[in-house]
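Structure first, then comments.
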Amino acid sequence: MNILHCDLDAFYASVEQRDHPELVGKPVIVGGLPGSRGVVSTCSYEAREYGVCSAMPAKQAYRLCPQAVFLPPDIPKYIRVSQDVFAILHRYSPVLEALSIDEAFLDVSGCHRLFGSSAQIAKMIKNDVLQETGLLISVGIAANKFLAKLATNLSKPNGLMELGNDEIAEILPSLPVSEIWGIGSKTAHRLNKAGIYTIADLLEFPRSKLETILGSNTDFYIQLCSGKDSRPVLSRSDRKSIGNEITFPVDLADQKEIEQLLLELSCQVAYRVRHASLIAHTVTIKMRTPDFQTFTRSQTLQQGVDADLTIYDIALNMYHQSGLAGKHLRLLGLSCSKLLERNLEQPALFADENDILDKIIDDMKDKFGSAAIKRGSLLNKKGRNM
DNA sequence: TCTGGGGTCCTAGGACCC
DNA sequence: TCTGGGGTCCTAGGACCC
């Protein structure tokens, strides 16, 4: 029982309730605003009582709970709080795997002499997080990652659950397959169509037929359903991609306007790439049409890129070659991948004037914030801000 | 009813190389 | 005239997670 899964309860909404005491006890919905095309990122437990949940369209959330307080997310603030919480977790074990901004696995094997049993460590973590950040965190304890995460899910909010062999034998068989980490709505639906609703159903199903649904992951999922999971807790390796995307308030077909937005995205992403001291070898654009079909185009380059206008040129070219130029779009995205550390890359012999301009703009963004300065061609007559 | 934005990982086909 | 097999990389799409 050495694996802990730690998950902050209703993270974004809880931070807002902490910072705005008048919101405590009220339904709070962080994410898209009611009139927008956004969705709910996180909602407080008060809002959940009305049927509101994560990923629900904001319009639908408003219909269910019009009295809720809708707030846009303040991601930089949540990142700061998250860092504080992860620092607390780090005190108890160096083997920490961050899953997201509000979730992490901790392997506490070898930490018992210093801190006591897993359950004692979990209690100390919950206490420290509450004392130092004012937030509630749920902790699941088990022999492996799958079961630890399950324990957290079963005990939220403000949970602390240790899943031992007896509990596993009792709980696991009747759980719906959608509770399995990695089984999403599509796969769950296909399993249901085959008559598989619970973990017990899955284990009784002929393996060969199961393989037509789960493919090469069949054995892995059978193991999970048997309560076995040999994946180690691993500190996150380097990030694989950096990207931004935007869903327009209304569908857009005007090429000039889309090109302008592509330039804005290029500048945002390039800035983040440079800020991380990285260089990208692949640029990808993403387009979504009003019927919700998503298309991507990507290009891999011999020479790594990090300049605003270089990335923009590549993106613009792909947009015009995509067959979607002039068509209505509801989403436009740009991302950079195949990232390498900049100092490992052979530097260009001469920095050109674009590099110098990027450097000046970056310095100003660092000092005054990203809204303070942008390229002249990004300022249209309305003074759009993004 | 109308579907965000940040990501990760996987698959399948095709090009290319030996 | 008929063309294997293995490996790697690229591209596009899709499932999934929070």
Side-chain angles (χ1 to χ4, degrees), chain A residues 5-13 29-43 51-64 70 72-73 75-76 78-79 82 97-105 145 149 152-153 156 178-191 213-217 220-221 231 234 236-249 251 265 268-269 272 281-302 318 321-324 330-339 386:
Chain A
H5 177 256
C6 307
D7 191 344
L8 287 152
D9 296 335
F11 181 44
Y12 296 179
I29 295 173
V30 182
L33 302 181
S36 77
R37 285 176 151 179
V39 302
V40 176
S41 284
T42 319
C43 55
V52 178
C53 62
S54 292
M56 175 182 280
K59 284 172 186 164
Q60 194 182 344
Y62 181 74
R63 255 178 267 122
L64 288 172
F70 285 79
I75 301 294
Y78 309 144
I79 289 175
S82 170
E97 178 177 339
L99 282 184
S100 70
I101 193 167
D102 62 354
E103 227 183 303
F105 284 114
K145 285 180 164 183
K149 189 164 162 66
T152 315
N153 289 345
K156 274 195 281 196
S178 55
E179 284 289 316
I180 303 168
W181 201 78
I183 303 290
S185 61
K186 304 271 180 183
T187 309
H189 187 243
R190 289 168 63 199
L191 288 168
I213 302 171
L214 299 176
S216 59
N217 296 319
F220 171 70
Y221 285 120
R231 293 170 300 171
L234 291 174
R236 270 268 176 216
S237 53
D238 301 333
R239 75 152 91 207
K240 306 280 189 283
S241 67
I242 294 176
N244 286 86
E245 60 186 55
I246 177 175
T247 294
F248 312 134
D251 298 339
L265 289 168
Q268 291 168 3
V269 174
R272 292 175 61 201
H281 284 262
T282 299
V283 178
T284 303
I285 61 167
K286 174 168 161 183
M287 295 154 287
R288 181 171 290 152
T289 47
D291 59 1
F292 225 72
Q293 282 198 84
T294 306
F295 301 87
T296 62
R297 293 292 181 272
S298 69
Q299 197 177 331
T300 298
L301 310 130
Q302 202 109 59
M318 289 192 290
Q321 301 286 316
S322 67
L324 291 167
R330 63 170 287 143
L331 172 146
L332 187 67
L334 187 147
S335 77
C336 283
S337 54
K338 283 209 188 326
L339 304 169
M386 220 179 99

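Here is the naming used below: chain letters follow the sequence lines, and residue numbers restart at 1 for every chain.
In this structure, A/F292 atom CZ and B/dC2 atom P are separated by 13 Å, rounded to whole Å. Counting to the nearest Å, the P atom of B/dT3 and the CD atom of A/Q293 are 17 Å from each other. Remark: C1' of C/dG14 and CD1 of A/I183 are 15 Å apart, rounded to the nearest angstrom. When the C1' atom of C/dC17 is taken as reference, atom CD of A/E179 falls 14 Å away, rounded to whole Å. Atom CG in A/N217 sits roughly 10 Å away from atom C1' in B/dC9 (whole-Å rounding). What separates OH of A/Y78 from C1' of B/dG4 is a distance of 14 Å, to the nearest Å. The nearest whole Å value for the distance from the CG atom in A/N153 to the P atom in C/dC17 is 11 Å. As a whole-Å value, the separation of A/M318 CE from C/dT11 P is 9 Å.
DNA chain C is contacted by both A/R297 and A/S178; A/R297 maps to the nucleotide lying nearer its 5′ end (nearest heavy atom per residue).
Residue contacts for A/F11: at a heavy-atom cut-off of 4.0 Å it reaches no nucleic acid atom on any strand shown. Counting non-hydrogen atoms under 4.0 angstrom, A/S54 reaches nothing in the nucleic acid. Counting any heavy atom pair closer than 4.0 Å across all strands shown, A/G31 reaches no nucleic acid atom. In this structure, A/S216 reaches the sugar-phosphate backbone alone: every heavy-atom distance under 4.0 Å involves primed, P, OP1 or OP2 atoms, never a base. Among the protein residues, A/I242 comes within range of the sugar-phosphate backbone only, with heavy atoms under 4.0 Å from sugar or phosphate atoms but none that close to a base. At a threshold of 4.0 angstrom between heavy atoms, the contacts of A/K286 with the nucleic acid are absent. Note on A/E245: a base of the nucleic acid sits closer than 4.0 angstrom, heavy atoms only. Here A/R190 lies out of heavy-atom contact (under 4.0 Å) with every strand. Here A/T42 lies out of heavy-atom contact (under 4.0 Å) with every strand. Within 4.0 Å (heavy atoms only), A/G182 reaches sugar-phosphate atoms of the nucleic acid but no base atom.
Evaluation of atom-type donor-acceptor distances gives a pair under 3.5 Å for the side chain of A/S41 against the base of B/dG4.
Of the candidate nucleotides C/dC17, C/dA15, C/dT11, C/dT11 has the atom nearest to the side chain of A/T300. Nearest to the side-chain atoms of A/Q60 among the listed nucleotides B/dG6, C/dC17, B/dT1 stands B/dT1.
In the model, A/T247 has no side-chain atom that pairs as donor or acceptor with a side-chain atom of A/R330 under 3.5 Å.
The aromatic rings of A/F70 and A/Y62 sit tilted relative to each other, their planes meeting at an angle between 30° and 60°.
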5'-to-3' dot-bracket of DNA chain B (Watson-Crick, G-U; under 3.5 angstrom; crossing pairs as [ ]; | other strand):
....||||||||||||||
